[in-house]
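Chain naming here is simple, since letters A, B, ... match the order of the sequence lines and numbering starts at 1 in each. Since we're looking at a predicted model, the values are computed, not measured.
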Amino acid sequence: MKKVFKKHMVPKVSTIIGLSSLLFFALYPRDAYAMHIMEGMLPPKWCIFWFAVSAPFFIYGLYRMKKIVTSTTQNAKIMLALCGAFVFVLSSLKLPSVTGSCSHPTGVGLGTVMFGPGVMSVLGVIILLFQALLLAHGGLTTLGANCFSMTIVGPFVGFAVYKICRAFKVNRSVSLFLCAVLADWSTYVTTSFQLAVVFPDPTNGVGGAVIKFLSIYAITQIPLAIAEGFLTVIVYNLVISNNLWKESALG
Amino acid sequence: MKKKTKQNLIMLLIVLVLVITPFFVAKGGSFAGSDDEGTAQIKKNDPHYKVWAHPLWTPPSAEIESLLFTVQGSLGTGVIAYILGSAHGRKKERERQIHAQNEAGKAHTETSAANGR
């Protein structure tokens, strides 16, 4: 009974948050862009820096992936495909946001909870490459930086959130919801910082630029992150109810 | 199971509301996610920055771009739907088998009971 009550609280709480933020944006509509960092928009030395930072995580991800593929866990490979496909779908959906601009969710929450944060760096790179090569969205030179925000910071933050929630005995659906929301949101917060460090505000320095970029990226992302949270829980529910994955395997 | 389905539908509805409300809230917005605007924002902070790399290939038109985005989305959806669909079928089949076994078992005990009398 208690569990049911809690589950129904999630929509309620988020509706309240959603409505109050809607009111805020109704007063301040603005045009903004909120996407990955575009091709050539980071100086070469920063590109190299982010590649260097992301590379170890990618290698760790490959190692984790090999372990999963060779493991005897039932449906492990199938679920890995499903998690990858989920990222594929969600990152193709450019959704409108209350700020009057569009952005897209990341979809890394599901895989993070099922397989841990490492694997997502491999799945994420595939998607980022697809978008950079075929859609001129994101870029090859900025791949390292985009990887860092979407496939490393996002999943690791989400994973930490999930673990903390579970430690406090929050039920799985709610923990997963929060994991997905914050993984999505922290991705764009990271992007804001990445840009602000390179392009400080002429008058207010890096701090001013952080605020400016956050107001563009992070605020646009709030409703999308919440939507992503719900979509993640829906797919998770379907996975569990069709016996594809044991609920207890999630921790 | 029924409760879960209801829960899923409610969540789907909330997602729809979240996606639709922006059109009513931010009426003045252009709903662009445009690269040009991004460049403009960075140019504002650093007017001397030179974009030093360009995409190897750019979709020739907005139609082609949306085609490719749709391909990306539908590929993913196809995989997810296949996996969930086949799992659902397997589950239904298993339930049917268990049901049939129970029926057979019941019939067996009934006949043996009748024989015993």
Side-chain angles (χ1 to χ4, degrees), chain A residues 7 11 14-15 18 22 25-26 29-35 38-41 44 78 81-82 85-86 88-89 92-103 130 132-136 139-141 195 199-202 209 216 223 226-227 230-231 233-235 237-239 241-244, chain B residues 1 3-5 7-8 10-12 14-15 17-23 25-39 41-42 44-47 49 51-59 65 68-80 83-84 87-88 90-91 94:
Chain A
K7 271 177 190 168
S14 41
T15 334
L22 279 187
F25 299 126
R30 66 186 109 194
D31 293 341
Y33 70 109
M35 296 269 159
M38 302 308 293
E39 188 77 284
M41 291 315 290
I78 295 172
L82 186 132
F86 188 67
F88 232 65
V89 176
S92 78
L93 294 174
K94 290 199 228 178
L95 300 172
S97 175
V98 282
T99 50
S101 63
C102 283
S103 182
F130 181 93
L133 289 173
L134 292 178
L135 296 158
L140 291 178
T141 57
L195 284 176
F199 303 102
D201 195 84
I216 293 166
I226 294 169
F230 285 120
L231 288 174
V233 177
I234 291 173
V235 172
N237 278 346
L238 290 171
V239 164
S241 68
N242 286 310
N243 300 333
L244 270 168
Chain B
M1 173 61 202
K3 205 170 67 197
K4 271 261 160 79
T5 312
Q7 216 184 79
N8 285 346
I10 292 170
M11 286 192 287
L12 208 58
I14 296 170
V15 171
V17 170
L18 277 170
V19 173
I20 294 167
T21 32
F23 297 116
V25 174
K27 272 192 179 133
S30 61
F31 292 105
S34 135
D35 325 349
D36 303 332
E37 276 175 83
T39 316
Q41 178 67 33
I42 288 167
K44 224 190 273 169
N45 283 3
D46 184 2
Y49 184 74
V51 181
W52 61 282
H54 295 278
L56 296 176
W57 184 78
T58 317
E65 191 183 344
L68 286 167
F69 264 109
T70 314
V71 168
Q72 186 193 336
S74 40
L75 274 178
T77 316
V79 171
I80 293 174
I83 293 174
L84 288 178
H88 188 71
R90 243 178 296 146
K91 186 187 161 204
R94 210 175 306 132

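- A donor-acceptor pair under 3.5 Å is absent between the side-chain atoms of A/Asn242 and the main chain of B/Ala87, judged by distance alone.
- Of the atoms belonging to B/Leu12, heavy atoms from both backbone and side chain fall under 4.5 Å from chain A.
- A/Ser92 pairs by the side-chain hydrogen bond (donor to acceptor under 3.5 Å, both in side chains) definition with nothing, not counting sequence neighbours.
- Residues A/Leu134 and B/Gln72 are not in side-chain contact: their nearest non-hydrogen atoms beyond the backbone lie 4.5 Å or more apart.
- For the atom pair NZ (B/Lys4) and CD (B/Gln7), the distance works out to 6.5 Å, reported to the nearest 0.5 Å.
- If you measure heavy-atom distances from A/Leu140 to chain B, the contacts under 4.5 Å come from the side chain alone.
- Side-chain contact check for A/Met38 versus B/Val51: every heavy-atom pair is 4.5 Å or farther apart.
- Using a 4.5 Å cut-off between heavy atoms, A/Phe130 contacts chain B through its side chain alone, with no backbone atom that close.
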_Test side-chain contact (heavy atoms from CB on, under 4.5 Å) on B/Leu84 and A/Leu244; report intermediate values, then the result._
CA-CA 8 Å; B/Leu84 288 178; A/Leu244 270 168; 3.8 Å; yes
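- Looking at heavy atoms from C-beta onward, A/Ser103 lies out of side-chain contact with A/Leu95 at the 4.5 angstrom threshold.
- In terms of heavy-atom pairs under 4.5 Å with chain B, the best-connected choice from A/Leu93, A/Leu231, A/Val89, A/Val235 is A/Val89.
- Contact annotation for A/Pro200: only backbone heavy atoms (N, CA, C, O) come within less than 4.5 Å of a heavy atom of chain B.
- Ranking B/Ile20, B/Thr58, B/Val19, B/Val71 against chain A, the residue ahead of the rest is B/Val19, based on heavy-atom pairs under 4.5 Å.
- Annotation: maximal heavy-atom pairing with chain B below 4.5 Å, among A/Leu82, A/Leu135, A/Thr141, occurs at A/Leu135.
- In terms of non-hydrogen atom pairs under 4.5 Å with chain A, the most contact-rich of B/Val79, B/Asn8, B/Val15, B/Asp46 is B/Asn8.
- Residue contact with chain B, scored on non-hydrogen atoms closer than 4.5 Å, involves the backbone and the side chain of A/Ile234 alike.
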